[in-house]
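Below: one structure, written as structure tokens.
One-based numbering, in listed order, for ligands and for the atoms of each.
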Amino acid sequence: MKNKSLWLDGYVNANYTRLQEDITCDVLIIGGGITGLSILYNLKDTNLNIVLVESDLIGHATTGHTTGKINYLQEHVYSDIQNKYGFNTAKLYYDSQIEAIEHLINIIKKEHIACDLEQVTSFVYTNKDEEIEKLKYESTLLKRFGAPVKEDEKNHPFINSKYALSVSNTYVFHPLKYLNALKQICLKKGKPIYEKTPIIDIQKNNNEYLCFTQENQIRTKKIILACHYPYFLFPYFLPLRTSIEKSYIAVSPALNKKETFINCSKPIVSLRYYQNNLIYLTNTSQSCDNLNEEENYQKLVKQMQNLNLDVTYLWKNDDLLTVDKIPYIGYIKKNDKSILMATGYNTWGISNSSLAGLVISDLIQGKEINMKI
Ligand SMILES: Cc1cc2nc3c(=O)[nH]c(=O)nc-3n(C[C@H](O)[C@H](O)[C@H](O)COP(=O)(O)OP(=O)(O)OC[C@H]3O[C@@H](n4cnc5c(N)ncnc54)[C@H](O)[C@@H]3O)c2cc1C
């Protein structure tokens, strides 16, 4: 059994460049996960002098530990958003996910990216009687949006479902293969990417920023924080209204069923297949819950054994949850167009980073967009 992400196993990145001189640019993207790369890709054909810096290697943080579902069926997110902000906002979020997924799939097709993309049927299910009504309501809402949603009461391997919703226009992929391809495309377009280059401090100096690495500085007019959570700005950065969700993931050999599953209440169980492997996520907990990682790993291994599954990979991952299920994408301050961020994807960061790529590249180019979600 390997204690590492399946996506990172065997991933060789000998071909990277570290920043070794002081530079000046128009826009600096901090963070080389799927958010940073999606933004850089969308700006690759502009004349902007744009640079991306990554403290480690491309994709080695949250994105390299994800389950890699490209999915708009996100538990009962649409009912939750409707309850807080009304039907139109829930519909806007749905439209944003559909557009972002289409954009991502178009990039993969247009650039011929070999990232093991597969179309799958995705299910959100419950094994609790008291949750069935809530899922039925989510189904009604999705139908009003025009989604091809079906209801399902069958049994499925490895889960214990009483009632489920499914859609078949969703996908899974290999996130590292996708990111690596975006990296190569952006480099070929002359957009520099510096890895092993952490930003340790940012200072504002009149109309520009000075961003410091250990040895060098980057002078820039605009900054995009694509670094998941800007811990390195603490205590200067106001804490976002977020919580952190920790999950544990195991992989086991299993016949590929071209399906994905997620239940709709804690503890989350989420499944997908990659080739003939089952990727099984559970023990999801808020950071205030059981922090004993060893115990949580053991619990997951036991769960897998109970399902007669051998574990070949085991890893953990964290994501940021926002209080209202809406991600943070855009300007940090209303009247300051020089600093932007994208994070808080509520564990649906593949579609939402693609959305961030669209929104932030439009904002950087001065295009008008409807920011009122
Ligand atoms: C267990 C789990 C499963 C998930 N599964 C799915 C899924 O199936 N589908 C889905 O849609 N979403 C999923 N998500 C969510 C999704 O994976 C994340 O939201 C997404 O990967 C976040 O991408 P990112 O680029 O914003 O962050 P990251 O991938 O973390 O990238 C940020 C980068 O910034 C770099 N960085 C940080 N600080 C600095 C600095 N000071 N200087 C330079 N660089 C810096 C980091 O090294 C990192 O590489 C999952 C999340 C979890 C936790």
Hey, does [X] come in under 3.5 Å of ligand 1, counting only N/O atoms on both sides?
X: Ile199; answer: yes
X: Pro198; answer: no
X: Lys69; answer: yes

In this structure, CD1 of Ile249 is separated from CG of Leu271 (nearest 0.5 Å) by 12.0 Å

Rounded to the nearest 0.5 Å, how far does CZ of Arg272 lie from CG of Leu281?
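Those atoms lie 12.0 Å apart.
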
Quick one: closest heavy-atom pair of Leu176 and Gly59, and the distance?
CD2-O, 3.5 Å

If you measure from [atom] to every heavy atom of [options], which option wins on shortest distance?
atom: atom 17 (O) of ligand 1; options: Ile249, Thr66, Val172; value: Thr66
atom: atom 23 (O) of ligand 1; options: Val53, Thr347, Ile29, Thr63; value: Thr63
atom: atom 33 (C) of ligand 1; options: Glu245, His228, Glu54; value: Glu54

Nearest protein heavy atom with distance in Å, relative to [atom]:
atom: atom 52 (C) of ligand 1; answer: Asn317 ND2, 3.5 Å
atom: atom 15 (C) of ligand 1; answer: Asp319 OD2, 3.3 Å
atom: atom 43 (C) of ligand 1; answer: Ser55 N, 3.3 Å
atom: atom 32 (C) of ligand 1; answer: Ala226 O, 3.4 Å
atom: atom 10 (C) of ligand 1; answer: Ile350 CG1, 3.2 Å
atom: atom 8 (O) of ligand 1; answer: Thr67 OG1, 2.6 Å
atom: atom 30 (O) of ligand 1; answer: Thr62 OG1, 2.6 Å
atom: atom 24 (P) of ligand 1; answer: Thr35 OG1, 3.3 Å

Is the Lys NZ or Arg CZ of Lys44 less than 6.0 Å from the centre of Tyr41's six-membered ring, within 45° of the axis?
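Verdict for Tyr41: a cation-pi partner in Lys44.
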
Numbered atoms and elements of ligand 1 in range of [X], under 4.0 angstrom, heavy atoms:
X: Asp318; value: 53 (C)
X: Tyr345; value: 19 (O), 26 (O)
X: Trp348; value: 10 (C), 11 (O), 12 (N)
X: Leu281; value: 1 (C), 2 (C), 3 (C)
X: Ser247; value: 1 (C)

More than 12 heavy atoms of other residues, nucleotides or ligands under 6.0 Å from NZ of Lys257: yes or no?
no

Determine whether the aromatic ring centres of Tyr248 and Trp315 lie less than 6.0 Å apart.
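No, too far apart.
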
Aromatic centroids of His65 and Trp7 separated by under 6.0 Å
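Aromatic pair excluded; centres sit 6.0 Å or further apart.
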
Donor on one side chain, acceptor on other, [X] and [Y], under 3.5 Å:
X: Glu99; Y: Tyr94; result: no
X: Tyr313; Y: Asp9; result: yes
X: Asp22; Y: Asn216; result: yes
X: Ser338; Y: Tyr209; result: yes
X: Tyr345; Y: Thr35; result: yes

Any Thr343 heavy atom less than 4.0 Å to ligand 1:
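No, Thr343 has no heavy atom closer than 4.0 Å to ligand 1.
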
